[in-house]
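Some notes on the structure that comes next.
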Amino acid sequence: DLSPMASFISHNSNLPISRLEYRKEMEEVLERAAADCSWMYETKHTEKGQSSLLHSDEQRGTINYVVWSEVLICPHCGSENVFWDLATEEEGNKVQTAYHCSCCRSELTKRDCPRAMETVYDNLLDKTIQLVKFVPALINYEYGGKRFEKIPDADDLSLIERINAMAPPI
């Protein structure tokens, strides 16, 4: 194939590269990304049973992942329920098929409940759109070489709002 794209792909696929130069370049890219974005992956470390007010800003862990949960609407009372909070067991490793509404205590299944929606402005599309509402339910992070889990606190929610308010890089 003599198309410009085929020639480009063929040339770059067969171009010899130095592993050392490639590694050096990739490490520089990762360092720049960490310098620009590492603040987005930090959370206050809190030991169970202790208030986060007792900890200084130096006690910040690195987030491994965040569990996001759908918000469902109870068909009986219309209240919003965070699925993760009501349908997962204490350890968070098993989802129950039936759970109770946090407001009216009706027994529900996920199939019974419509999804909560939210209207957001999309900068790239330059218009408002409807999205299924998700909220952070659990944060898994590392601190001092150990892994911890916590429910997102006010600082975490504020950080998420700050990130969401940022204009996407173009």
Side-chain angles (χ1 to χ4, degrees), residues 17 19-74 79-102 108-111 113-125 129-170:
I17 60 168
R19 289 184 182 183
L20 281 168
E21 285 181 41
Y22 178 78
R23 183 180 184 98
K24 180 183 171 196
E25 190 68 31
M26 291 310 301
E27 286 174 354
E28 288 176 15
V29 168
L30 292 173
E31 285 176 22
R32 285 194 309 267
D36 291 345
C37 302
S38 63
W39 61 272
M40 295 182 194
Y41 297 90
E42 292 181 351
T43 186
K44 281 187 181 177
H45 171 63
T46 56
E47 292 286 342
K48 285 193 182 244
Q50 293 183 349
S51 168
S52 62
L53 299 175
L54 300 175
H55 299 283
S56 68
D57 285 334
E58 283 74 45
Q59 292 186 313
R60 300 191 68 78
T62 302
I63 296 173
N64 296 315
Y65 62 87
V66 177
V67 175
W68 290 80
S69 177
E70 283 183 292
V71 178
L72 304 173
I73 298 172
C74 175
S79 65
E80 291 187 350
N81 290 293
V82 177
F83 181 71
W84 177 269
D85 294 345
L86 301 177
T88 57
E89 292 183 357
E90 185 88 16
E91 300 299 316
N93 57 5
K94 187 175 180 188
V95 178
Q96 301 172 1
T97 55
Y99 57 94
H100 293 91
C101 172
S102 61
L108 305 169
T109 64
K110 188 174 181 181
R111 188 173 295 174
C113 302
R115 294 173 169 170
M117 302 297 285
E118 61 184 345
T119 303
V120 295
Y121 179 76
D122 187 308
N123 290 320
L124 294 176
L125 296 175
I129 58 172
Q130 287 279 106
L131 296 175
V132 174
K133 186 174 182 179
F134 283 87
V135 295
L138 181 76
I139 297 176
N140 178 291
Y141 67 99
E142 194 167 317
Y143 176 76
K146 295 181 182 177
R147 283 188 169 225
F148 297 90
E149 289 184 345
K150 72 176 201 172
I151 295 170
D153 59 25
D155 290 327
D156 298 315
L157 299 176
S158 174
L159 176 64
I160 291 168
E161 285 180 26
R162 181 176 163 202
I163 293 167
N164 286 339
M166 293 173 61
I170 296 177

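Reckoned from all heavy atoms, side chains included, excluding hydrogens, waters and symmetry mates.
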Give, for atom [atom1] of [X] and atom [atom2] of [Y], the distance between the pair rounded to the nearest 0.5 Å.
X: M40; Y: I163; atom1: CE; atom2: CD1; answer: 5.5 Å
X: D122; Y: T119; atom1: CG; atom2: OG1; answer: 12.5 Å
X: L72; Y: E80; atom1: CG; atom2: CD; answer: 9.5 Å
X: T109; Y: Q96; atom1: OG1; atom2: CD; answer: 12.5 Å
X: F83; Y: R115; atom1: CZ; atom2: CZ; answer: 11.0 Å
X: E118; Y: Q130; atom1: CD; atom2: CD; answer: 9.0 Å

Between [X] and [Y], what is the shortest heavy-atom contact and its length?
X: Y141; Y: I63; result: CB-CA, 3.8 Å
X: H100; Y: L86; result: O-CD1, 3.5 Å
X: L157; Y: P152; result: CD2-CB, 4.2 Å
X: S69; Y: W84; result: OG-N, 2.8 Å
X: E70; Y: V132; result: OE2-CG1, 4.0 Å
X: C113; Y: Y99; result: SG-OH, 3.6 Å

If you draw a 6.0 Å radius around [atom1] in [X], do more than 12 non-hydrogen atoms from other residues or ligands fall strictly inside?
X: L131; atom1: CG; result: yes
X: Y22; atom1: OH; result: no
X: Y41; atom1: OH; result: no
X: I129; atom1: CD1; result: yes

Legend entry - Residues which pass side-chain contact (heavy atoms from CB on, under 4.5 Å) with S79, listed by chain and number, not counting sequence neighbours: C74, C77, N81, C101, C103

Inset, instruction - Check the pair I139 / E149 against side chain to side chain contact (heavy atoms under 4.5 Å, CB included), numbers first and verdict last. - result: CA-CA 5 Å; I139 297 176; E149 289 184 345; over 6 Å; no

Inset, instruction - Give the C-alpha distance, both sets of side-chain angles, the deciding distance and a yes or no for side chain to side chain contact (heavy atoms under 4.5 Å, CB included) between Y143 and T43. - result: CA-CA 10 Å; Y143 176 76; T43 186; over 6 Å; no

Inset, instruction - Carefully, step by step, assess R60 and K44 under the rule side chain to side chain contact (heavy atoms under 4.5 Å, CB included). - result: CA-CA 5 Å; R60 300 191 68 78; K44 281 187 181 177; 3.2 Å; yes

Legend entry - Residues T46, K150; criterion side-chain hydrogen bond (donor to acceptor under 3.5 Å, both in side chains); working and verdict: CA-CA 8 Å; T46 56; K150 72 176 201 172; 5.0 Å; no

